[in-house]
Amino acid sequence: MKFYSTADKSNLVSLREAVLSGMPNDNGLYMPESIPRLPESFFKSMTSMDYQSLSFEIARQFLSGDIPASVLQDIIHEAINFPTPLVDIEDRIKTLELFHGPTLAFKDVGARFMSRLMAYLVKDSDHKLTILVATSGDTGGAVANGFYRVPGIDVIVLYPAGKISLIQEKQMATLGENITDLKVNGTFDDCQRLVKAALVDPDIKKSLMLTSANSINIFRLIPQTFYYFNALRQIENFRSRSIVISVPSGNFGNLTAGLIAKRMGLPVQRFIAATNVNHVVPDYLNSGKFEPKPSIQTISNAMDVGNPSNFSRILDLYDSSWKKIKEDIQGVYFTDDETRQAITSVKKITGYTLDPHGAVGYLGLKKYLTQHQEVDTGLFLETAHPAKFKDIVEPVIQDSVEIPERLADFLTREIQTHALSNQYTDFKEFLLTNSN
Ligand SMILES: *Cc1c(COP(=O)(O)O)cnc(C)c1O
């Protein structure tokens, strides 16, 4: 399959190019040339398939012409190796837990899949591939761990100094070896800007084979479609139900993956785009105007994004029609106070501990269900384990959050990181002096 740029549909590239370059030169983002609709037989047999075979069937739609089936089986076997259970919360409300991977957030799914796909594509190359990642907290850990010790690949992670939790820093900046961390004196948007600038800089291209591993890489989004199908598979008679899914959103990769899944036939009525006070997409859904803003810091910091990169993919999926987009997505946003209240009340009523991101998703769903009595099943994505945000969650629930063992292990390690300004010239110098 070929991939086109959202900025110029005639700019078609191979799968290899789309995976390894991450992003086209024209400021667009790659999209698959076609989004195949899964056959009726797939939906009939979904409930009897396991998560990995389901993922293979979906992945095959995009990859079969380029990657041998046995290789794809291996990639899925290694990448999709932890469950995404659906858990009952309240009447009409279930949560899809996406935090059972190594770094306790949903980004493990995309990062693990993409790292193995890239490793396969560069295995015969003489050049080392350098992967740049801008992170607002969780991507860095997922990507660093996904690529740790993968031969032929180096990773450089950029994160905003002081704006991520100690746990997030420990997960991304304690590995060493082929993983380098830069703490940038600025915001996540600065980190993203530095990465984008380096990717299109001709001086850098001369000495480094660079790519990015943000949600701008289409091969992080494609594996995220797997768990939407895996979620519905766990609902009895899912085909005759009226289902909505609430997605706590920042850069809108997760939601875009859901929209791609819907295009493939996922029987979901609607998605809810739930954000914190960084609400440029809910604003767009209400007004038809997209106006990027500087990001505002919140307690759901992985969603503190003022100019969500995947928005152009959403426009592309719907031919830029505001009307069509609104049919499939409702936008809604919440303050930190509302988020804290949701964590408290859900804990009190059901005993379940939400993390701040999942809490935003829960609030979005709850609001939607109140307005739509006809919907019988609402899901919200629980994108991170509450232990990752225990500094926020524990004072709110006035109780301790249990730390999973894989997280406790990270906490014992030493942070190794380099400080960097938010100026591109400094980043460029770092890349050029540290290359080779
Ligand atoms: C990254 C992240 C999000 C936002 O996901 P997007 O795909 O960027 O919209 C939400 N919650 C958590 C915990 C995250 O790490």
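The structure presented is a predicted model; accordingly, all values stated were derived computationally and were not measured. We count ligands from 1, going down the list as the structure has it; atoms in each ligand are counted the same way.
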Asks: Would Y362 and F380 count as a close aromatic pair, with their ring centres under 6.0 Å?
Replies: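 Judged by ring-centre distance (under 6.0 Å), Y362 and F380 do meet the cut-off.
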Asks: Considering the heavy atoms of H357, write down every atom of ligand 1 situated less than 4.0 Å from one of them.
Replies: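 Those qualifying, in numeric order: 11 (N), 12 (C), 13 (C).
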Asks: Under a 4.0 Å threshold between the charged nitrogen and the carboxylate oxygen, would R270 count as salt-bridged to D328?
Replies: no
Asks: At under 4.0 Å between heavy atoms, which part of K388 makes contact with ligand 1: side chain, backbone, both or neither?
Replies: neither
Asks: Under 6.0 Å between the ring centres of H385 and F99?
Replies: yes
Asks: With a cut-off of 4.0 Å, which atoms of ligand 1 are near a heavy atom of A384?
Replies: 13 (C)
Asks: Answer with yes or no whether F99 contacts ligand 1, where contact means a heavy atom under 4.0 Å from a ligand atom.
Replies: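 Contact absent.
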Asks: When only distance counts, is T383 in polar contact with ligand 1, meaning an N/O pair under 3.5 Å?
Replies: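 Min N/O separation from ligand 1 is below 3.5 Å for T383.
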Asks: Looking at D201 and K428, is any side-chain nitrogen of the basic one under 4.0 Å from a carboxylate oxygen of the acidic one?
Replies: yes
Asks: Do ligand 1 and F252 have nitrogen or oxygen atoms that lie under 3.5 Å from each other?
Replies: yes
Asks: Under a 4.0 angstrom heavy-atom cut-off, which atoms of ligand 1 come close to M303?
Replies: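 What qualifies from ligand 1 is 10 (C).
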Asks: Would you call D316-R313 a salt bridge at under 4.0 Å N-O?
Replies: no
Asks: List in chain and number order the residues that pass side chain to side chain donor-acceptor pair (under 3.5 Å) with K170, two or more places apart in sequence or in another chain; answer none if no residue qualifies.
Replies: none
Asks: Say whether S249, considering both its backbone and side-chain N or O atoms, lies within less than 3.5 Å of an N or O atom on ligand 1.
Replies: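 By distance alone, the answer is no.
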Asks: State the atoms of ligand 1, each with its element, that fall below the 4.0 Å cut-off from a heavy-atom position in G253.
Replies: 6 (P), 7 (O), 9 (O)
Asks: Could E327 and K324 be called an ion pair, given the rule that one side-chain N must be under 4.0 Å from one carboxylate O?
Replies: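 Salt bridge between E327 and K324, a charged N being under 4.0 Å from a carboxylate O: no.
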Asks: Hey, does G250 come in under 3.5 Å of ligand 1, counting only N/O atoms on both sides?
Replies: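 Looking only at distances, the answer is yes, because the N/O contact criterion of under 3.5 Å is met.
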Asks: Counting both backbone and side chain atoms, is some N or O of N254 under 3.5 Å from an N or O of ligand 1?
Replies: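 Yes - when backbone and side-chain N and O of N254 are compared with those of ligand 1, one distance drops under 3.5 Å.
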Asks: Measuring from atom 1 (C) of ligand 1, which candidate in H385, K107, Q224 has the nearest non-hydrogen atom?
Replies: K107
Asks: Quick one: which ligand 1 atoms are inside 4.0 Å of a heavy atom on N251?
Replies: 6 (P), 8 (O), 9 (O)
Asks: So that I know where these two stand, are F219 and F62 an aromatic pair - ring centroids less than 6.0 Å apart?
Replies: no
Asks: Regarding ligand 1, does D355 bring an N or O atom to under 3.5 Å of one of the ligand's N or O atoms?
Replies: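 It does not: no N or O of D355 is found under 3.5 Å from an N or O of ligand 1.
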Asks: Give the atoms of ligand 1, by number and element, whose distance to some non-hydrogen atom of A302 is under 4.0 Å.
Replies: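 So the answer, numbered in order with elements, is 1 (C), 2 (C), 3 (C), 4 (C), 12 (C), 14 (C), 15 (O).
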Asks: Before accepting this row, confirm whether a basic side-chain N of the pair R116/E78 lies closer than 4.0 Å to the acidic partner's carboxylate O.
Replies: yes
Asks: Only one of F56, F238, F42, Y51 forms a ring pair (Phe, Tyr, Trp, His ring centres under 6.0 Å) with F229, so which one is it?
Replies: F42
